[in-house]
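Inspection log for the structure reproduced underneath, given as structure tokens.
As a basis for the values below, the full set of heavy atoms in this structure was taken, side chains included, without hydrogen atoms, waters or symmetry mates. The shown structure was predicted, so the numbers you read here are calculated from the model rather than taken from an experiment.
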Amino acid sequence: MKGHIKIPENGEKITLENGALSVPENPIIGYVEGDGIGPDITRASMRVWDAAVELAYGGSRKIHWCELFMGEKAGEIYDGDYFPDETLDTIQDLIVAIKGPLSTPVGGGFRSLNVSLRQALDLYACIRPVKYFSGVPSPMRKPEEVDVVIFRENTEDVYSGIEFPSGSPENEKLAKFLREEMDVSFEEGAGLGIKPVSEVRTKRLVRKAIEYAIAGGRESVTLVHKGNIMKYTEGAFRSWGYELARDEFPDDTITEDEVWDEFDGEVPEGKIVIKDRIADIMFQLLQLRPAEFDVVATTNLNGDYLSDAVAAEVGGIGIAPGANIADHVAVFEATHGTAPKYANKDKVNPSSLMLSGVMLLEYIGWREAANLINAAYPKVIANGTVTYDFARQMSNATEVSTSEFATAVIDSMKA
């Protein structure tokens, strides 16, 4: 591919065969280092991923990293284009990529690059596993009960970008139609946005969540919504989720009502319980009774709030991994911001990106390498070897830099 992106010559591209990933021993995987602290955490994390692959496979497998450009670095290279088509095309070509945090101005300027990327590549499922690691500072009395995977619909809801600013001709045209044709009342000069929630996009999200629950031996999938108020969007999400489970997974799923009505509260062996909760109540339940929830499927805005809130229960978004996945194309990411005041200071916690890379390794089927990091990481935390964000909350901690933390994880894997 011509342009600024250089495809590694010694690697091979991941391909699709019969609807499944075909991963060579030397796959080419794209990466965007990101803005602000992105370069620091990317360098540290790549050392850990490469070490895990080397240790797990003794040199018989190796990732060939291909740098892609988005955000501020892309703007410098592509004459002010923060979201170059070349990067989008290459991600689709390589199928799997990972990225650091990207800058987005508040209230003006370009739209969120993260949202734009998800919509441009139809990365409809934002997957956020949240799990407690022993020794991590937590406000919970029993943080070890937190082990939930949130599936957030990525392409609809109020994040769909259908907005019209106050005073614009488009806003006035829509306002006139709503008032005169639909008999809707609202304040003059209000900014207007549209919240689409469709059957097709709801069901593909719930389908992926149920497939994940089946593959991972999970016990339940909870549909989270605000359907008591927004009956034809959030309420429809709930209804379509139940329909999908009933129609496509009848042998694997059972509703919570059926468990109580037909089995006196005892879940039949081999069945995944499909249940639903109102979004605002879910925030309370995930604090008071987190053990009751396993996989969560929800709409875009609910998922944004919930994933960060649950992450706060187990150490914050600084250690929360995430991925945005279409049917096959997958972009893994740090879930936090760019923290520009710490840029190039080798100071911040690289865990969010590092653990997103673990998700990537699992996605391509290299579980042996992923397991090495999963085993080593909590040992490092338990030993009190942590970056400043945890050190200030822990007694007898040894504060280390971003790069030193990566070295500690590598040393733990070797041990």
For the pair Tyr124 and Glu153, evaluate side chain to side chain donor-acceptor pair (under 3.5 Å) and give the outcome as yes or no after the intermediate values. CA-CA 6 Å; Tyr124 61 83; Glu153 203 290 318; over 6 Å; no
Work out which heavy atom in His336 is nearest to a heavy atom in Ser352; give both atom names and the distance. CD2-CB, 3.5 Å
Tyr31 and Trp65 aromatic ring geometry - parallel, tilted or perpendicular at 30°/60° bounds: perpendicular
For Lys195, I'd like to know if atom NZ has over 12 heavy atoms of other residues, nucleotides or ligands within 6.0 Å. yes
Assign the ring pair Tyr377 / Phe133 to parallel, tilted or perpendicular, where the plane angle (0 to 90°) is split at 30° and 60°. perpendicular
Is it the case that over 12 heavy atoms from other parts of the model lie below 6.0 angstrom from the CD atom of Glu219? no
Are Tyr78 and His4 an aromatic pair by the rule of ring centers under 6.0 Å? yes
Pairwise side-chain contact, Val331 with Ile98, heavy-atom cut-off 4.5 Å (strictly under): no
How about NZ on Lys131, more than 12 heavy atoms from neighbouring residues, nucleotides or ligands closer than 6.0 Å, or not? no
Between Asp40 and Thr402, a side-chain donor and acceptor under 3.5 Å: no
Under 6.0 Å from the ring centre and within 45 degrees of the ring axis: does the NZ or CZ of Lys275 meet both conditions for the six-membered ring of Phe293? yes
For side chain to side chain donor-acceptor pair (under 3.5 Å), just list the numbers for Asn300 and Arg152, CA-CA rounded to whole Å, side-chain angles, deciding distance to a tenth of an Å, and then say yes or no. CA-CA 6 Å; Asn300 206 332; Arg152 166 191 170 196; 2.8 Å; yes
Using only atom types and a distance under 3.5 Å, with no angle test, would you say the side chain of Thr407 pairs donor to acceptor with the backbone of Ser403? yes
Please work out which of the three classes, parallel, tilted or perpendicular, describes the rings of Tyr342 and Tyr388, given edges at 30° and 60°. tilted
Please report the C-alpha distance between Asp93 and Thr90 in whole Å, then the side-chain angles of each, then the deciding distance to 0.1 Å, and finally whether the side chain to side chain donor-acceptor pair (under 3.5 Å) criterion is met. CA-CA 5 Å; Asp93 188 40; Thr90 306; over 6 Å; no
Flag if over 12 foreign heavy atoms under 6.0 Å of CZ, Arg367: no
